[in-house]
Amino acid sequence: MLTVEWLMLVGGGLLLAGILASKLSAWLGVPALIIFLAIGMLAGSDGLGGIEFSDARLAQAVGVTALAFILFSGGLDTPVSRIKPVLKAGLALSTIGVAITAVTLGVFAAWLLQVPLLTGLLLGAVASSTDAAAVFSILRSRATRLKGQLEPLLELESGSNDPTAVILTLGLISLITDPGSSAMALLGAFVVQVAAGALAGYLAGRVGVFLINKTGLRHDGLYSVLTIALVAVTYGATTLLGGNGFLAVYLAGIVMGNRDFLHKKSLLRFHDGLAWLMQITMFLTLGLLVFPSQLPAIAGVGMAIAVFLVVVARPLAVFIALSLSRLAPKEKVLVSWVGLRGAAPIVLATFPLVAGIPAAGMIFNVVFFVVLISVLIQGTTIPLAARILGLDETEPVKSLPLSEHAMEHLTEVKIAPGSTVAGQRIVDLALPEQVLVVFIAREGGHIIPTGATELQVGDSLLLATNQEESPAQLAALFA
């Protein structure tokens with residue numbers, strides 16, 4: 001039995017290897033996620049490390065927990081203004097698109113593998129959703145940007161399509177293990193889970209902002225712990241009450257990220273780092289669960305299913321789901337190509353293992369192979385595909401406006417006796433987004449303000465704003 005010291009040494013060593021390998025991924029031109037998987041496979045029982053790990057239930061728990069925090073972090077960094085124009089298209093992809101992908105791929109897999117139709121559909125459901133961890137990390141880490149609303153559309157789809165895939169996977173497992181189950185119950189379960197998840201996510205986001213702004217914790221580090229607890233409670237409570245926990249934590253992140261709260265910048269940085277930790281941990285764990293010696297046996301069918309998914313099932317789902325959208329055909333082609341599979345399908349592939357489905361091992365290995373192909377080929381060619389389709393947009397390097405024009409947008413406002421804002425914290429003022437308090441002169445000294453800074457009578461505030469705000473309008477905000 002491994003001691004705590006050995007567990008810490010091995011776990012820390014794997015994490016360190018994953019972090020250092022992320023630098024190697026940029027040099028090799030492959031996504032870091034594939035490096036994390038490879039390290040896990042090398043460290044496993046079939047690899048050089050020889051670590052014996054075959055606990056599908058533990059791997060499932062690690063994957064579910066990691067996905068919850070990754071989705072929350074993605075939501076925090078998603079402005080509503082960014083996803084609002086693509087909301088209908090994103091929801092169509094995350095529901096209709098996932099269902100079409102699952103059915104199309106499932107029928108093909110059943111024919112190719114010569115297995116019962118329900119088993120093929122289960123494989124299709126497991127591989128039907130795009131992966132938030134893969135999409136967020138690849139789209140947000142590359143210098144090449146996608147034109148128009150493509151990036152927010154792809155991020156919204158990957159963050160919101162897990163509920164459909166989870167419901168389809170669990171429903172098909174139920175149909176296989178209990179033939180008396182009703183297929184119509186899947187639709188009712190979907191409606192209940194989405195509605196409950198959406199409501200829980202919205203409420204959790206509002207409660208999170210309230211707790212951060214009103215609890216007045218004496219140690220700043222506790223705010224990070226508070227948000228961790230919020231994610232855990234939101235996912236756990238929502239799932240136990242019959243809602244979809246993944247959707248709930250994603251929406252909670254969006255709700256919080258679009259409101260002002262204390263230590264917002266530091267908390268966003270914290271959860272970005274935590275999301276990377278979760279990605280590395282999840283991919284390493286799932287890599288350990290794989291037996292590379294079993295992959296060659298399914299390489300042929302795995303390749304065929306991966307090609308069918310990329311060339312037929314995904315494009316068919318995208319063009320049908322987006323048939324009423326205003327996207328151009330070439331934009332739909334790119335959306336089809338960026339349908340990255342990642343950890344989410346592998347995590348879902350552990351559900352048949354835990355349920356004891358007869359073909360579970362085959363499903364897991366095939367899905368793992370499909371993910372490898374997707375991340376390795378699609379993930380590395382996104383910039384090339386965007387350039388070929390004329391949909392890439394290289395962001396210019398922006399310089400700080402340190403000129404006389406910048407000085408025109410700095411305004412001084414004084415807090416007069418009787419002002420309604422005296423004694424209030426900046427975070428509670430609900431200032432317009434374009435107005436920022438950058439400096440406070442007080443009693444012969446000065447303060448660099450934060451959201452927790454309380455304004456006092458006599459304070460002179462230096463405000464940074466845009467040209468649309470007149471001095472009189474700004475003064476009225478602090479009257």
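Residue L324 places its CG atom among 12 or fewer non-hydrogen atoms of other residues, nucleotides or ligands, all under 6.0 Å distant.
Annotation for A385 and L334: closest pair CB-CD1, 4.0 Å, computed over non-hydrogen atoms. What you find for L431 and V437 is that their closest heavy atoms are CD1-CG2, 4.0 Å. Between T238 and A248, the closest heavy-atom pair is OG1-CB, 3.6 Å. Of all heavy-atom pairs between L230 and A204, the closest is CD1-O, 3.8 Å. For the residue pair V194 and P163, the shortest heavy atom distance occurs at CG2-CB, 4.5 Å. The two residues L123 and A109 have their closest heavy-atom pair at CD2-CB, 4.3 Å.
Using a 4.5 Å heavy-atom cutoff, the side chains of L274 and H271 are in contact. The shortest distance between side-chain heavy atoms of L268 and K265 does not fall below 4.5 Å. With a 4.5 Å cut-off on side-chain heavy atoms, F261 and L267 count as touching. Under the 4.5 Å side-chain criterion, counting only non-hydrogen atoms from C-beta, V375 is not in contact with L340. Side-chain contact check for L429 versus L477: every heavy-atom pair is 4.5 Å or farther apart. Considering only heavy atoms from C-beta on, D162 comes within 4.5 Å of L71 through its side chain. The shortest side-chain heavy-atom distance between V310 and I373 does not fall under the 4.5 Å cut-off. The shortest distance between side-chain heavy atoms of T119 and I363 falls below 4.5 Å.
Summarising the geometry, atom CG belonging to L153 is positioned 10.5 Å from atom CZ belonging to R82; distances are rounded to the nearest 0.5 Å. In this structure, the separation between CD1 on I176 and CD1 on I357 is 5.0 Å, given to the nearest 0.5 Å. To the nearest 0.5 Å, atom CG of residue D392 and atom CG of residue L150 are 11.0 Å apart. One distance of note links OG1 of T101 with CG of L316; it measures 8.0 Å at 0.5 Å rounding. Once rounded to the nearest 0.5 Å, the distance linking CG of L168 with CG of L122 reads 10.0 Å. How far CD1 of I280 is from CG of L16: 9.5 Å, rounded to the nearest 0.5 Å.
Screening residues 361-377 for side chain to side chain donor-acceptor pair (under 3.5 Å) gives Q294-N365, S374-Q378 as the qualifying pairs, with residues at least two apart or on separate chains. Evaluation of the side chain to side chain donor-acceptor pair (under 3.5 Å) test over residues 186-205, restricted to residues two or more places apart or in two chains, returns Q193-N244, Y202-R206. For residues 307-329, the side chain to side chain donor-acceptor pair (under 3.5 Å) pairs, not counting sequence neighbours, are E157-R314.
Side-chain atoms of T285 come within 3.5 Å of backbone N or O of T281 as a donor-acceptor pair. In this structure a side-chain-to-backbone donor-acceptor pair under 3.5 Å is missing from N258 to L76. Judged by distance alone, the side chain of K264 and the main-chain N or O of R259 form a donor-acceptor pair under 3.5 Å. T239 places no side-chain N or O within 3.5 Å of a backbone atom of G236 that could act as its donor or acceptor partner. Remark: side-chain polar atoms of T164 are paired, donor with acceptor, to backbone N or O of S94 under 3.5 angstrom. The backbone N or O of H263 sits less than 3.5 Å from a side-chain atom of S266, completing a donor-acceptor pair. K332 places a side-chain N or O within donor-acceptor distance of the main-chain N or O of L322, the cut-off being under 3.5 Å. Side chain of K330 to main chain of L391: no donor-acceptor pair is present (N/O by atom type, distance under 3.5 Å, no hydrogens or angles). Between the Y235 side chain and the T65 main chain, no donor and acceptor come within less than 3.5 Å of each other. Under a 3.5 Å cut-off, the side chain of R341 and the backbone N or O of S128 do form a donor-acceptor pair.
A donor and an acceptor atom, one from each side chain of S73 and W276, are nowhere located under 3.5 Å apart.
Comment: D428 engages R425 in a salt bridge, judged by a side-chain N to carboxylate O separation of less than 4.0 angstrom. Of the charged side-chain nitrogens involved, none lies within less than 4.0 Å of a carboxylate oxygen, so that K147 and E331 do not count as a salt-bridged pair.
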Q: Might you work through the side chain to side chain contact (heavy atoms under 4.5 Å, CB included) test for I346 and F364, ending with a clear yes or no?
A: CA-CA 7 Å; I346 302 177; F364 183 87; 3.8 Å; yes
**Q.** I212 vs T227, side chain to side chain contact (heavy atoms under 4.5 Å, CB included): CA-CA, chis, key distance, verdict
**A.** CA-CA 8 Å; I212 292 173; T227 54; 3.9 Å; yes
(Q) Set out, in order, the CA-CA distance, both residues' side-chain angles and the distance that settles side chain to side chain contact (heavy atoms under 4.5 Å, CB included) for F283 and I39, then state yes or no. (A) CA-CA 9 Å; F283 276 87; I39 292 174; over 6 Å; no
Q.
Using the rule given for side chain to side chain contact (heavy atoms under 4.5 Å, CB included), can you reason through V255 versus V80, listing the C-alpha separation, both sets of side-chain angles and the distance that settles it, and then say yes or no?
A. CA-CA 8 Å; V255 171; V80 169; over 6 Å; no
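Taking the six-membered ring wherever Trp is involved, the centroid distance between the rings of Y250 and F72 does not fall below 6.0 Å.
Between W111 and F108, the angle of the ring planes lies from 30° to 60°, which puts this pair in the tilted group.
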